[in-house]
Amino acid sequence: MYPGGEGGGAALAAPMPTELPQYYDSNAAAARYYPEWEASGVFSADPSAPGEAYCIVIPPPNVTGNLHMGHALNNTLQDVLIRYKRMDGYNVLWLPGTDHAGIATQWVVERQLRAQGIERKELGREKFLGCVWEWKESSGGNIVRQLRRLGVSCDWSRERFTMDEGLSRAVRENFVRLYEEGLIYRATRLINWDPVGLTALSDLEVETEEGVNGEIWSFAYPLSDGSGEIVVATTRPETMLGDTAVAVHPDDPRYKHLIGQTVRHPFVDRAIPIVGDSILVDMAFGSGAVKVTPAHDFNDHEVGIRHSLPMISIFTPDGKVNENGGSYAGLDRFEARKRVKADLEALGLFRGRKDHVMTLPKSQRSGAIVEPMISTQWFMKMKPLATPAVGAVEHGFTTFWPDQWKNTYFAWLKDVKDWCISRQLWWGHRIPAWHCGTCQHVTVGRVDPTACEKCGSADLRQDEDVLDTWFSSALWPFSTLGWPEKTPDLAKYYPTAVLLTGFDIIFFWVARMMFMGLHHMGHVPFKDVYIHGLVRDEHGDKMSKTKGNVVDPVEAIDRVGVDAFRMTLTGMAGLGRDILWSEKQVEAWSKFQNKVWNAYRFLHMHVRERPATASPGPYDRWILLCLDRCVGEVRAALDGYRFDLAASAIYQFTWYELCDWYLEFSKPALYGEDGAAKAGAQFTLWTVFHALSRLIHPFMPFFGEELWRNLPGNAEAGSVMVANFPKRAEFDHARAADGVARQGAPDAIAALQEAISAVRRLRADKGLAAKIPLTATNAGALTTLFAGHSAALRDLANVTIAPGARPDQAAVLVIAGEEVYVDLSGVLDSGKERERLTREIEKLDKSIAFLEARLGNEAFVSKAPPQLLAKTRGELAGEVDKRASLTAALAALP
RNA sequence: AGGCACGUAGCUCAGUGGAAGAGCACCGCCUUGACACGGCGGUGGUCGCCGGUUCAAUCCCGGCCGUGCCUACCA
């Protein structure tokens with residue numbers, strides 16, 4: 001356009017066509033549109049606005065982390081749903097935020113400090129926390145900046161952090177309430193201890209490393225009365241320093257007379273009772289006698305409780321033998337193992353060893369071998385919370401997609417042990433409990449107490465521990481909406497619509513949100529839980545630094561463009577399948593993007609302004625009905641979380657129907673002189689892109705926006721984000737028009753496509769250049785049917801259909817049941833044509849044999865549905881006719 | 001050990017109780033006025049194996065084999 005124009009007063013008849021660039025630049029579009037979208041306020045939710053609520057809370061990434069492919073997938077899928085629902089008129093809120101990630105973050109900062117020669121303990125709690133906050137502030141923006149690169153439409157004005165003021169308040173409220181209800185308690189128990197991280201862990205934070213080569217080492221405990229010995233075996237000989245019993249099966253004839261006697265501990269001055277325990281001991285295994293270390297083994301601990309055994313802790317928090325280990329005190333646990341073995345051998349008590357492949361419990365964070373230790377910690381009572389959480393899914397208040405994940409969820413909740421929620425860390429929500437120095441009473445409160453609630457003493461000391469990170473995450477769906485306040489957000493958006501996450505945190509997070517939501521809100525936190533797979537490399541291997549196959553999403557976006565990047569992930573996201581990231585797949589979607597872009601440029605060549613509504617011709621009606629079907633498929637797919645099928649439906653329609661056929665069909669009208677036909681095609685082309693840009697937008701947001709904004713005459717429509725997602729009813733006019741026009745007539749478009757393909761095949765088979773025009777003759781109704789399609793036949797197959805008899809030299813085709821003769825005068829190669837016909841006839845023979853066999857089966861005829869029977873008979877008749885035609889043609893060949 | 005998935009074209013995956021589909025790869029031909037990041041045509045599969053139900057099974061059921069994951073692990 002020429003700003004200001006040329007003067008002269010005459011309005012330009014038509015705007016100068018905006019020259020669309022040859023290629024669409026996804027990242028340039030992103031840079032242009034994203035800031036504008038964010039500034040426009042469309043991302044921001046308004047609970048007082050109309051529309052049914054549709055809310056998703058983001059699975060909060062680690063605040064100091066970086067975006068990885070899992071995040072990219074997770075957030076892309078959320079954005080697809082959010083944009084779809086927003087366009088569909090829902091009152092949408094996508095609430096973003098980050099997690100403080102207790103252990104993980106503390107570790108990173110500790111490591112940084114250690115690199116500078118500073119130890120956390122020397123620094124002290126206050127100063128150390130200062131460093132963590134500093135690190136959070138300096139790196140905390142990364143992840144949200146990277147999320148923005150994905151084009152996600154979250155409500156950034158509502159961004160939350162698990163340790164912000166509001167959420168900290170929710171955490172405290174939750175703790176106090178559960179404490180008052182008796183669901184949080186302090187107890188001394190055997191827990192999982194991380195000797196490197198120096199903190200308690202929950203069961204879930206312990207990972208098992210499989211396939212570790214170890215040994216089973218046997219030794220003898222001499223009976224105290226000197227009458228013999230009992231052989232026991234262990235993978236951890238050093239734990240014998242804490243043995244307080246030997247267990248045998250009460251029915252075991254070898255040992256049952258010994259129950260009640262004692263054995264003598266060779267290193268510590270201790271007589272150890274022999275107890276009978278049918279739960280622990282399997283008579284058939286090993287020697288049938290088991291050493292019992294109640295302070296360092298979960299099974300043994302139970303035995304200790306059952307038999308009131310002493311529980312002797314033998315390790316210090318950092319995994320060294322303590323004063324209970326006699327002369328071994330001060331040795332690291334692995335060093336102690338060697339010494340114990342050597343000393344037992346020296347005493348002649350060694351009774352053999354064998355190799356044993358075992359699994360080792362390791363700390364999820366530090367990797368250290370976890371040590372069961374008796375320790376005083378805070379726990380959450382799980383049974384009363386878990387039961388309703390199981391029921392809610394059983395009764396369908398929350399649905400898992402795919403459904404089978406509910407089994408995983410049930411399996412854990414139905415057998416869940418109390419949750420150890422305290423951590424000996426500094427970074428996290430400090431436990432709101434104060435210990436009285438005078439009477440030892442613990443005061444828990446919403447506000448910091450100044451005096452012991454029991455004795456009034458002012459000698460109070462706050463509990464040193466912080467809460468497990470997942471304690472705050474468990475509240476996320478309602479704490480982020482304002483709980484414990486009764487906010488408009490909470491009223492409008494809770495329960496949320498769907499949670500999208502990976503299967504690895506069903507226990508950690510999904511289950512805990514479920515029971516916390518049910519407990520505090522009385523409703524499930526989300527109606528659906530969509531569990532997506534893992535992003536792997538193209539061979540299906542897990543991405544890992546050691547394999548060197550990690551794809552950095554930001555780098556990938558820079559390289560391939562954000563739209564194709566997203567579509568690649570989305571296109572593979574079905575139900576219960578992992579996503580295999582492949583550059584080939586990226587390329588396919590880049591090509592798709594390019595294909596659409598070129599079709600769009602074609603539109604711009606022929607449509608300069610918004611076309612007036614025009615009555616659609618046969619091709620127009622056809623493509624509009626295809627689009628209508630596609631819209632239905634996309635909606636159904638998205639409603640069932642089949643992102644892959646939605647992507648595929650769009651691809652199929654766009655490439656195979658719109659580009660391969662419709663654009664070609666429309667050319668004669670667009671380039672021609674028939675005003676009505678032209679208007680119909682222009683209007684249809686515009687209508688298709690008007691819908692397609694909206695259909696694509698949730699998946700390829702910037703591409704959709706670019707198509708929408710540059711659609712001729714669409715400037716005032718604003719952003720595609722707030723346009724309506726296509727509905728099937730939009731194309732009712734085409735359906736109605738098509739119904740009137742066809743009135744039961746055969747499907748001319750299908751016949752046309754068949755004819756074009758048949759001629760093309762013939763050409764390819766005969767090696768005939770496309771330039772050579774062909775004539776096809778037909779004496780039947782087909783010529784009438786094709787009467788309106790001569791231009792399409794000419795342009796797409798370079799063939800003319802005329803009424804008439806069979807030429808002397810001709811190839812016979814059967815289209816829609818009628819013989820069509822393609823005049824090959826002068827170019828007919830009898831040999832090749834004979835081959836072709838023979839091949840065709842062979843195929844028909846097989847088909848006829850198959851159909852006849854079926855119809856000859858009495859059981860089929862009597863039991864198959866009548867519709868199928870009729871169809872089969874019709875097919876057979878058609879095949880027989882076709883065969884007759886081709887056989888005659890073969891016979892007639894010179 | 002138990003549980004849950006999965007096994008369809010060379011690769012990655014859709015699919016349905018009524019004669020097997022896509023992308024990529026491969027083989028021909030084609031620069032035609034949206035597009036060579038393209039067009040047209042084509043090759044390619046006893047739908048893991050064995051039984052059962054059914055008129056009809058790749059699809060439903062049972063068993064087996066193989067792969068992956070989860071949970072619990074025996075001192």
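Note on naming: letters A, B, ... go to the chains in the order of the sequence lines (proteins, then strands), and numbering restarts at 1 for each one.
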With sugar-phosphate meaning primed atoms plus P, OP1 and OP2, does L645(A) contact a base, only sugar-phosphate, or nothing at under 4.0 Å between heavy atoms?
sugar-phosphate

Select base, sugar-phosphate, or nothing to describe what A770(A) touches, counting heavy atoms under 4.0 Å on all strands.
nothing

Between C4(B) (P) and D578(A) (CG): distance, integer Å:
19 Å

Between A9(B) and G23(B), how far apart are the two P atoms, rounded to whole Å?
15 Å

Give a yes or no on whether K547(A) atom NZ has more than 12 heavy-atom contacts from other residues, nucleotides or ligands under 6.0 Å away.
yes

K863(A) side chain: which of C13(B), C55(B), C4(B) is closest?
C55(B)

Quiz question: by atom type and distance under 3.5 Å, do the side chains of N213(A) and D355(A) form a donor-acceptor pair?
no

For a quick check of understanding: with a heavy-atom distance under 4.0 Å over all strands, which category does Y656(A) fall into, base, sugar-phosphate or nothing?
sugar-phosphate

Answer yes or no: does a side-chain N or O of R854(A) lie under 4.0 Å from OP1 or OP2 of A19(B)?
yes

Distance, P atom - from A57(B) to A20(B), rounded to whole angstrom
12 Å

State whether the side chain of Y600(A) and the backbone N or O of N710(A) hold a donor-acceptor pair below 3.5 Å, judged by distance alone.
yes

The test is ring pair (Phe, Tyr, Trp, His ring centres under 6.0 Å); show your working for Y24(A) and W597(A) and say whether it passes.
CA-CA 7 Å; Y24(A) 163 70; W597(A) 186 249; 5.6 Å; yes

Gap in Å between the two P atoms, one belonging to C35(B) and one to C40(B), rounded:
14 Å

Please check this pair: side chain of N798(A) against backbone of A770(A), looking for a donor-acceptor N/O pair closer than 3.5 Å.
yes

Parsed dot-bracket for RNA chain B after applying the Watson-Crick and G-U rules with both distances under 3.5 Å and | for other-strand partners is (((((((..((((....[..)))).(((((.......))))).....(((((..]....))))))))))))....

Donor-acceptor contact present, side-chain E205(A) to main-chain S202(A), <3.5 Å
yes

Can you spot which of F565(A), W655(A), F699(A), Y651(A) makes a ring pair (Phe, Tyr, Trp, His ring centres under 6.0 Å) with W589(A)?
Y651(A)

Could you run through nucleotides 35-47 of chain B and give me one letter per nucleotide, 5' to 3': B if any protein heavy atom sits under 4.0 Å from the base, S if only the sugar-phosphate is that close, - if neither?
B-BSSSSS-----

Do side-chain atoms of S26(A) reach the backbone of D563(A) as a donor and acceptor pair under 3.5 angstrom?
yes

Ranking G15(B), C4(B), C55(B) by distance to the side chain of R642(A), first place goes to G15(B)

Between U8(B) and C60(B), how far is it from one P atom to the other, in whole Å?
15 Å

Just how far, in rounded Å, is P of U12(B) from CE of M572(A)?
10 Å

Provide, to the nearest angstrom, the distance between the NE2 atom belonging to H539(A) and the P atom belonging to A25(B).
16 Å

With a 6.0 Å cut-off on the ring centroids, do F643(A) and Y530(A) count as close?
yes

Pi-cation contact, W217(A) with R337(A) (under 6.0 Å, within 45°):
no

Could you please name the option among C55(B), A14(B), C4(B) that lies closest to any side-chain atom of R577(A)?
A14(B)

Indicate for each nucleotide in nucleotides 70-75 of chain B, in 5' to 3' sequence, whether protein heavy atoms under 4.0 Å reach the base (B), only the sugar-phosphate (S), or nothing (-).
-S-BBB

Could you check whether atom NZ of K414(A) has more than 12 heavy atoms from other residues, nucleotides or ligands sitting under 6.0 Å from it?
yes

Nearest listed nucleotide, side chain of A588(A), among C55(B), G33(B), G23(B)
G23(B)

Beyond-backbone contact of W661(A) with Y619(A), side-chain heavy atoms, under 4.5 angstrom:
no

Round to the nearest Å and state the distance from K584(A) atom NZ to C26(B) atom C1'.
12 Å

For a quick check of understanding: with a heavy-atom distance under 4.0 Å over all strands, which category does L868(A) fall into, base, sugar-phosphate or nothing?
base

Need one value for P865(A): base, sugar-phosphate or nothing, where a base atom within 4.0 Å counts as base even if backbone is also close, heavy atoms only.
base

